Amino acid sequence: MATQTKDYFANLLKKSKSSKKQIAVYFDDATIEKIDMTIRLFSAVSESKSFSRNTLIEEAVNRFLDESEEFLSNEMGLSVKEEIEEVKRRKNNTVIFSSVDRGFEETFMGEKEIPCWYPCTCSSERLANLKYIAVYRGAPISAITHYAKIKEIKFSSEKNCNVCYFDGEPIELPNKIGLGSKPGCFFRGPKYTSIESMLNATDADEITFG
């Protein structure tokens with residue numbers, strides 16, 4: 001037996017359990033019978049004596065993924081990790097800034113100028129994926145109450161910064177989004193999420209940031 005294969009099974013026999021998300025996997029009767037017999041044999045020689053179907057299947061899947069990632073990289077020039085990061089960037093189509101004093105009312109809501117927001121301190125990589133913008137309002141509101149669809153973000157020589165112009169009027173959120181357990185300074189600096197995550201949240205703890 002090759003050394004690599006021996007090491008794989010040695011680690012399998014010693015590996016501790018870790019937190020996992022549950023999914024449903026379906027097999028035919030013959031495969032289940034083979035899995036169960038393999039589990040019995042591994043349990044007889046394992047140091048932990050706690051083998052299960054999940055343990056065996058998880059290890060098989062992880063090994064397949066590791067070998068697939070190596071194959072795709074070496075043979076096809078494709079990076080699984082980079083593709084995952086790209087999907088995350090595309091999914092995070094909403095930026096949340098913070099306001100102080102009356103900046104939100106005067107600028108975002110358009111009391112003193114056409115509704116917009118600035119400065120938009122986002123990297124060029126982030127800017128390309130943004131479709132929505134929201135602003136966390138400081139005390140006494142202490143919540144995100146509105147968002148807007150982005151028409152364009154461009155540099156303004158007058159304001160000497162990037163300005164986000166809206167496609168239509170600001171939209172009130174179905175729920176005010178408070179800080180939850182986040183500190184008061186949490187939104188100091190842009191935070192990125194998906195519009196779906198923000199629309200379904202009631203506080204910042206329920207938002208998935210990326």
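Below, each value reflects all heavy atoms present in this structure, side chains not excepted, and no hydrogens, waters or symmetry copies. The first residue of the sequence shown is numbered 1, and numbering continues consecutively from there. What you are looking at is a predicted structure, and each value in this text was computed from that prediction instead of being measured.
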Give the table of side-chain donor-acceptor pairs shorter than 3.5 Å for residues 168-192, with sequence neighbours excluded, one pair per line with atom names and distance.
from	atom 1	to	atom 2	distance (Å)
Ser181	OG	Asp205	OD1	2.9
Ser181	OG	Asp205	OD2	3.1
Lys191	NZ	Phe186	O	2.7

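- Side-chain contact between Leu56 and Phe42: present, with at least one pair of heavy atoms (C-beta onward) separated by less than 4.5 Å.
- Counting heavy atoms from C-beta on, the side chains of Phe108 and Cys116 never come closer than 4.5 Å.
- Checking side-chain atoms of Ser73 against main-chain N and O of Glu69 turns up no donor-acceptor pair under 3.5 Å.
- Inter-residue side-chain proximity for Thr145 and Arg137 is flagged as met; some heavy-atom pair is nearer than 4.5 Å.
- The hydrophobic clustering, which links ILVMFWY residues whose side-chain heavy atoms are closer than 4.5 Å, places Ile195 and Leu127 apart.
- Under the 4.5 Å side-chain criterion, counting only non-hydrogen atoms from C-beta, Ile32 is in contact with Arg53.
- By the 4.5 Å heavy-atom criterion applied to side chains, Asn129 and Asn92 are not counted as neighbours.
- Under a 3.5 Å cut-off, the side chain of Thr193 and the backbone N or O of Met198 do not form any donor-acceptor pair.
- In the hydrophobic clustering of ILVMFWY residues, with side-chain heavy atoms under 4.5 Å counting as a link, Ile150 and Phe104 come out together.
- The closest side-chain heavy-atom distance from Ile57 to Phe27 is below 4.5 Å.
- For Phe71, the side chain to side chain contact (heavy atoms under 4.5 Å, CB included) partners are Glu75, Met76, not counting sequence neighbours.
- Proximity of Phe155 to Asn160: side-chain heavy atoms (C-beta onward) are separated by under 4.5 Å at one or more points.
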